[in-house]
Amino acid sequence: MSNSNGWGLTARLISKHFGALGDRVSEAIANFDPETATEADRDRLADSLRATAQKLAAARGAFDKEAADVVKLRQLIATDEQAAGTLADRLASGKISEATITLFCDELEANKQRLPQELQEEADARQYMDELQTIVDALSKQLAEFDSMAKKAMQALASARAQQDLQELRAERQAQLAGLSGMRGNSSALNALTRRAQSISDEAAGLKIVTDIGQRPYEQAAELEAIRKSVSQPGLGSESALARLQRLSGQPSAAPAALEMSKS
């Protein structure tokens, strides 16, 4: 990842000062990727930050002690150097023994010889403290980046889930509408009922044709009978008054001949 090279010094410093813990933290830093990191990765970074912060607090205390030792030693050396000028006079006057002067000189020389070591220890303590501070700052930044990426990822995930729920709801509604439309226009029960009605209608029409054919001889016979009746029984409505009198009197009717003569 892009941050792995920049973490090289920090990883080496952790390994130098923490041993096995440093190895685990170095590996976590080298493999850290906010896009694929899990909650366990976040917990490891947080644990590493807490452990390093504790080490930093201890390192600050150690540095303060080393710095105080250097200040104390320097003050002691400066005081003894000032006292050395007066001790010569006291030795000459016999106010102090040579053995005491010898012990004093041995301690002053030893303190001067020890000063560089104390200064080095102070410098090492400062470097260690500064290295730990760098690690704490780096882990703090990395943890903040993790949280920021995790927040964005959670927001993106929530948005994606909301879109998924919306699309599923839309699909469900479309399916319901499609089902209702199918029931309205393509109901198998309604189609079957319609086909049954048409079939019955066709059967009724067929029966009508057959009965019409069967009824025709009866209608024709009745028609012939009506013709016969009309011939054998002429209608009275067309009989004249004269013809009626002659018919009732039993006299032959001369009306047809008279009528024919009048027409001619």
Side-chain angles (χ1 to χ4, degrees), residues 1-32 40-147:
M1 55 181 290
S2 60
N3 289 337
S4 59
N5 293 334
W7 285 98
L9 175 61
T10 300
R12 288 195 298 271
L13 294 177
I14 294 176
S15 297
K16 173 183 176 182
H17 295 300
F18 290 98
L21 173 62
D23 293 338
R24 291 194 299 272
V25 176
S26 299
E27 181 180 358
I29 291 175
N31 296 329
F32 180 79
D41 297 323
R42 201 269 181 196
D43 291 341
R44 282 195 294 271
L45 282 172
D47 290 341
S48 299
L49 176 59
R50 285 191 293 270
T52 308
Q54 292 174 357
K55 291 290 184 180
L56 175 59
R60 286 174 177 173
F63 169 75
D64 291 342
K65 180 180 180 302
E66 293 295 339
D69 289 343
V70 169
V71 171
K72 182 178 179 181
L73 182 59
R74 280 178 169 173
Q75 290 176 347
L76 179 59
I77 291 172
T79 300
D80 287 350
E81 286 176 344
Q82 291 177 357
T86 61
L87 290 178
D89 295 338
R90 295 177 65 182
L91 177 62
S93 62
K95 294 180 179 180
I96 188 172
S97 66
E98 185 173 344
T100 301
I101 295 297
T102 300
L103 180 60
F104 175 81
C105 292
D106 290 342
E107 289 183 357
L108 178 57
E109 289 178 350
N111 289 335
K112 288 184 176 182
Q113 291 175 358
R114 189 163 59 90
L115 180 60
Q117 180 180 353
E118 292 292 336
L119 291 173
Q120 184 61 50
E121 290 177 356
E122 180 191 19
D124 290 345
R126 178 184 292 277
Q127 181 183 8
Y128 179 53
M129 179 182 64
D130 292 343
E131 289 172 352
L132 289 175
Q133 184 64 60
T134 300
I135 295 170
V136 167
D137 293 342
L139 289 175
S140 298
K141 180 181 178 182
Q142 198 70 5
L143 189 60
E145 290 176 354
F146 180 96
D147 290 339

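Taking every heavy atom of both residues into account, Glu118 and Leu73 meet most closely at CG-CD2, 3.7 Å. Among all heavy-atom pairs drawn from Leu143 and Leu49, the shortest one is CD2-CD2, 3.8 Å. The nearest pair of heavy atoms linking Lys55 to Leu132 is O-CD1, 3.4 Å. Between Met129 and Ala59 the shortest heavy-atom distance is CA-CB, 4.0 Å. Ala125 and Glu66 make their closest contact through CB-CG, 4.0 Å (heavy atoms, listed as atom of the first residue, atom of the second, distance). Residues Phe63 and Arg126 share a closest heavy-atom pair of CZ-NH2, 3.0 Å.
Listed by first then second residue, pairs satisfying side-chain hydrogen bond (donor to acceptor under 3.5 Å, both in side chains) with a partner in residues 100-110 read Ser97-Thr100, not counting sequence neighbours. Note on residues 72-81: pairs passing side-chain hydrogen bond (donor to acceptor under 3.5 Å, both in side chains), not counting sequence neighbours, are Glu81-Lys112.
With sequence neighbours excluded, the residues forming a side-chain hydrogen bond (donor to acceptor under 3.5 Å, both in side chains) with Lys65 are Asp69, listed by chain and number. Residues satisfying the salt bridge (charged side-chain N to carboxylate O under 4.0 Å, His left out) test with Asp64, not counting sequence neighbours, are none. Under the rule for a side-chain hydrogen bond (donor to acceptor under 3.5 Å, both in side chains), the partners of Asp124 that lie at least two apart in sequence or sit in another chain are Gln120. Partners of Asp137 under the salt bridge (charged side-chain N to carboxylate O under 4.0 Å, His left out) rule, at least two apart in sequence or in another chain, do not exist in this structure.
Atom-to-atom distance recorded for Thr134:OG1 and Asp130:CG is 6.5 Å, nearest 0.5 angstrom.
The side-chain heavy atoms of Leu139 and Ile135, taken from C-beta on, include a pair separated by under 4.5 Å.
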